[in-house]
Amino acid sequence: MNMLKLSWKYLISKPLNTGLNILLLALGLAIIAVLLLVQDQFESQMDKDAKGIDLVVGAKGSPLQLILSSVYHIDFPTGNIDMKEAKAVSRNRLIKNAIPLSLGDNYEGYRIVGTNYDYLELYEVEFEKGKAWQKPFEVVLGQDVAKALQLGVGDKFMGSHGIGSSSHEHDHHAYVVTGILAKSGRVVDKLVLTSIESVWFTHYEEDEHDHSAMDRPVATKGFPNTEGDREITTLLIQYRSPMAAVQLPRFINSRSSLQAASPTFEISRLFELLGVGIKMIKGLAFVIVSIAGLSIFIALYNSLKERKYDLAVMRTIGASKKQLFFHIVLEGIILTGLGALVGILMGHLFLSILVIGQEQGALSSITPWVFLKEEVWIVLFAVVVGVVASIIPASGAYRTDIAKQLTK
Amino acid sequence: MILAKDISFQYDANHQFDIPDIKLDEGEELLILGKSGSGKTTVLNILGGLLKPQSGTVEIGNTSIYDLKGAALDKYRGANIGVIFQKPHILSPLTVEENLQLAQYFSEKREKHLIEKMLNDLGIAHKKNSKISSLSEGEAQRVSIARALVNNPKVILADEPTASLDDENAAMVIHMLKEQASRMKSALIVVTHDQRVKEHISNYILMGGVS
């Protein structure tokens with residue numbers, strides 16, 4: 001027998017009351033845990049995917065949409081831009097590197113991105129199998145795509161037009177897998193990468209009949225060589241100097257029909273917008289935790305009335321005042337400590353349910369069973385709630401007048 | 001073994017209790033008889049270290065218990081004084097055995113074999129893992145006796161131990177108390193208004209009530 005066991009026995013002698021209190025507290029803490037996990041992983045994922053991209057240039061429209069579609073590949077593109085104009089912009093002396101992207105097709109919901117080798121370098125990819133594309137219609141698959149669709153090097157498939165998975169298929173030319181990327185934990189895991197020429201050839205009828213073009217090697221750097229009027233979707237830009245951050249966006253936005261957006265700026269704007277909602281949910285979580293604390297206080301306070309006699313008996317058989325105080329505080333701590341553990345578990349469980357069936361969405365990068373340092377704070381916070389809730393009942397136990405209780 | 005001298009106690013100016021000096025050696029028995037309101041329970045509380053008198057001393061095993069402070073008195077009481085109440089007052093969330101373990105835990109004695117022995121002696125060993133709610137009244141009273149005696153106390157104090165029991169159980173409880181007290185060489189003090197107990201314990205004093 002020890003204090004912990006004693007307090008535990010008293011708690012489980014009222015299973016419903018105890019269970020309800022634990023559940024209520026767990027619910028509040030689960031919400032906090034989910035918020036912590038999502039915020040942490042979402043933000044770090046956002047940072048990881050935008051690393052190395054200083055500016056995105058695309059068609060006029062919502063700058064946030066431009067960033068989401070061409071950096072994170074979650075929203076629809078704002079439209080296409082003329083390649084000649086893009087080329088002109090990219091020659092600016094403030095630009096170190098400009099990577100063209102051509103979007104618009106998908107395979108089974110995974111986006112097909114036409115680009116050059118710079119994009120592979122940007123994300124520091126490594127090949128698990130095979131090598132990069134060299135001719136039109138050769139593609140490289142991100143790890144998640146290859147796994148989900150069970151495709152290997154040499155396999156062929158038909159792309160579909162549009163970003164979503166339900167659009168019509170291009171039935172003229174099949175893509176051939178030439179390489180599969182190793183898992184990187186970045187957005188490329190979920191993409192089908194190919195040359196810009198591949199995307200053009202699926203969309204421009206005249207090229208399809210120029211069969212010699214199919215065997216010509218594609219451009220691996222810069223823009224593809226062509227005389228025709230061609231379009232791309234966006235340019236990912238790396239600055240040469242910090243000066244560029246001041247001059248370049250303004251220059252592009254005012255002097256051309258293009259739009260420039262900075263990932264860092266747009267994402268912090270996005271979090272600002274989401275922030276209101278997150279704050280409200282957080283507030284709700286704290287209200288629930290406070291109610292749980294109050295409920296624990298009431299439960300302990302009420303049980304104290306019923307237990308005055310038990311406490312007096314404990315004193316007669318040798319318990320000191322401090323031990324009785326500790327006995328009640330320990331009940332509060334056990335309740336809230338368990339509540340915290342159940343809450344954290346619930347949070348992770350909730351997140352893992354949320355992630356199921358989200359292979360391609362914005363939440364797909366979240367790993368539910370990663371534990372954060374902050375979760376230790378949740379446990380500590382809960383224990384503090386337990387101590388605060390039990391301190392008044394415990395001092396009641398401390399002051400129990402044995403003789404008076406026993407003669408009642 | 002137990003010595004109470006010059007004790008005076010009053011709840012307020014009009015309720016002065018007249019408390020006789022008490023001296024018992026090991027193995028001796030004493031019955032304190034009196035009507036309700038005569039201060040019997042007050043005496044018992046004072047002797048048990050539960051209620052500090054206004055003046056006078058209570059010595060148990062050569063220790064003046066009211067000179068002990070706070071937790072020291074609690075531990076001394078737990079280890080050396082066994083108190084039995086009118087109602088069993090066993091802690092219901094615990095099992096029979098755990099009630100006895102708790103008494104040892106609080107008094108900081110760790111003699112497991114005494115628990116087994118006490119349960120056997122009082123014939124409740126088969127109930128050791130039972131919940132308190134499943135016990136009969138006689139069994140419950142035996143558990144409370146076992147809990148009071150599990151630390152081999154120097155003094156056993158029983159407050160109306162037979163009041164709610166029928167003749168048969170009352171005789172059994174008194175018999176048990178006497179037997180255990182003499183085995184452990186403890187001083188036994190029974191406080192009661194129950195005349196049936198007089199047949200078993202010849203040495204008694206009468207409390208006169210409020211003076």
Side-chain angles (χ1 to χ4, degrees), chain A residues 1-19 21 299-300 302-332 334-335 393-395 397-408, chain B residues 9 11 36 39-42 44-46 48-52 69-95 97-110 112 115 131-133 144 147-148 150-151 153 157 159-160:
Chain A
M1 186 55 64
N2 53 52
M3 296 307 288
L4 197 67
K5 195 174 168 193
L6 183 66
S7 293
W8 175 244
K9 286 274 176 179
Y10 269 89
L11 282 177
I12 56 170
S13 72
K14 285 189 172 175
L16 293 181
N17 223 321
T18 302
N21 280 328
L300 289 176
N302 281 339
S303 83
L304 192 69
K305 282 185 210 150
E306 301 160 18
R307 269 160 63 180
K308 282 249 159 164
Y309 219 112
D310 282 20
L311 293 169
V313 168
M314 287 181 200
R315 289 292 304 281
T316 13
I317 60 175
S320 64
K321 289 180 165 194
K322 275 182 199 151
Q323 277 175 316
L324 294 194
F325 183 85
F326 188 54
H327 168 53
I328 303 292
V329 170
L330 206 55
E331 276 187 35
I334 294 173
L335 269 177
S395 46
Y398 183 87
R399 287 194 307 266
T400 305
D401 184 335
I402 334 172
K404 219 185 233 171
Q405 270 311 316
L406 292 173
T407 40
K408 254 183 196 164
Chain B
F9 184 83
Y11 287 108
S36 355
K40 312 187 294 284
T41 301
T42 305
L44 189 116
N45 285 339
I46 292 171
L50 300 169
L51 187 65
K52 194 175 158 85
K69 292 276 168 286
L73 173 57
D74 293 320
K75 297 300 152 206
Y76 194 80
R77 174 173 56 238
N80 298 299
I81 305 170
V83 186
I84 295 143
F85 307 101
Q86 178 176 349
K87 292 203 185 105
H89 294 308
I90 319 167
L91 308 179
S92 57
L94 307 179
T95 65
E97 189 184 24
E98 285 164 349
N99 264 277
L100 270 62
Q101 285 171 345
L102 192 66
Q104 289 206 333
Y105 172 76
F106 279 137
S107 61
E108 289 166 2
K109 283 204 175 181
R110 302 284 189 280
K112 265 190 129 174
I115 295 176
K131 281 268 166 200
I132 301 310
S133 51
S144 81
R147 190 182 59 198
V150 72
N151 291 329
L157 302 172
D159 185 11
E160 303 273 19

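Within every chain, numbering begins at 1; the chains are lettered A, B, ... in the order of the sequence lines, protein sequences first and strands thereafter.
In this structure, CG on L6(A) lies 6.0 Å from CG on L94(B), to the nearest 0.5 angstrom. Taking OG of S320(A) as the start and CD of E108(B) as the end, the distance is 8.5 Å to the nearest 0.5 Å. Here the CG-CG distance, from L102(B) to N2(A), works out to 10.0 Å after rounding to the nearest 0.5 Å. In this structure, I317(A) CD1 and N151(B) CG are separated by 8.5 Å, a value rounded to the nearest 0.5 Å. Rounded to the nearest 0.5 Å, atoms NZ (K404(A)) and CG (L51(B)) are 10.5 Å apart.
In plain terms, the two heavy atoms of K75(B) and G318(A) that are nearest each other are NZ-O, 2.8 Å. N45(B) approaches A403(A) most closely through the heavy-atom pair ND2-CB, 3.7 Å.
Heavy-atom neighbours of K87(B) NZ from other residues, nucleotides or ligands within 6.0 Å: at or below the threshold of 12. Within 6.0 Å of CZ in F326(A) there are 12 or fewer heavy atoms belonging to other residues, nucleotides or ligands.
With hydrogens and angles disregarded, no donor-acceptor distance shorter than 3.5 Å links the side chain of R315(A) to the backbone of L50(B).
In this structure, F85(B) and Y309(A) have perpendicular ring planes: the angle between them is above 60°, well past the 30° mark.
At a threshold of 4.5 Å between non-hydrogen side-chain atoms, the residues F106(B) and M1(A) do not count as touching. Taking the side chain as every heavy atom from C-beta outward, Q323(A) and Y105(B) approach each other to under 4.5 Å. Contact check for R77(B) versus I402(A): side-chain heavy atoms found under the 4.5 Å cut-off. Taking the side chain as every heavy atom from C-beta outward, R147(B) and V313(A) approach each other to under 4.5 Å.
Among L91(B), T41(B), I46(B), the residue with the largest count of heavy-atom pairs under 4.5 Å with chain A is L91(B). Interface summary for chain A: among P153(B), A103(B), S107(B), the most heavy-atom pairs under 4.5 angstrom belong to A103(B). Ranked by heavy-atom pairs shorter than 4.5 Å toward chain B, the options T316(A), D310(A), I12(A) are led by T316(A).
Using a 4.5 Å cut-off between heavy atoms, K322(A) does not touch chain B at all. Contact annotation for D401(A): neither backbone nor side-chain heavy atoms come within less than 4.5 Å of a heavy atom of chain B. Proximity to chain B (any heavy atom under 4.5 Å) is restricted, for K5(A), to the side chain, taken from C-beta onward.
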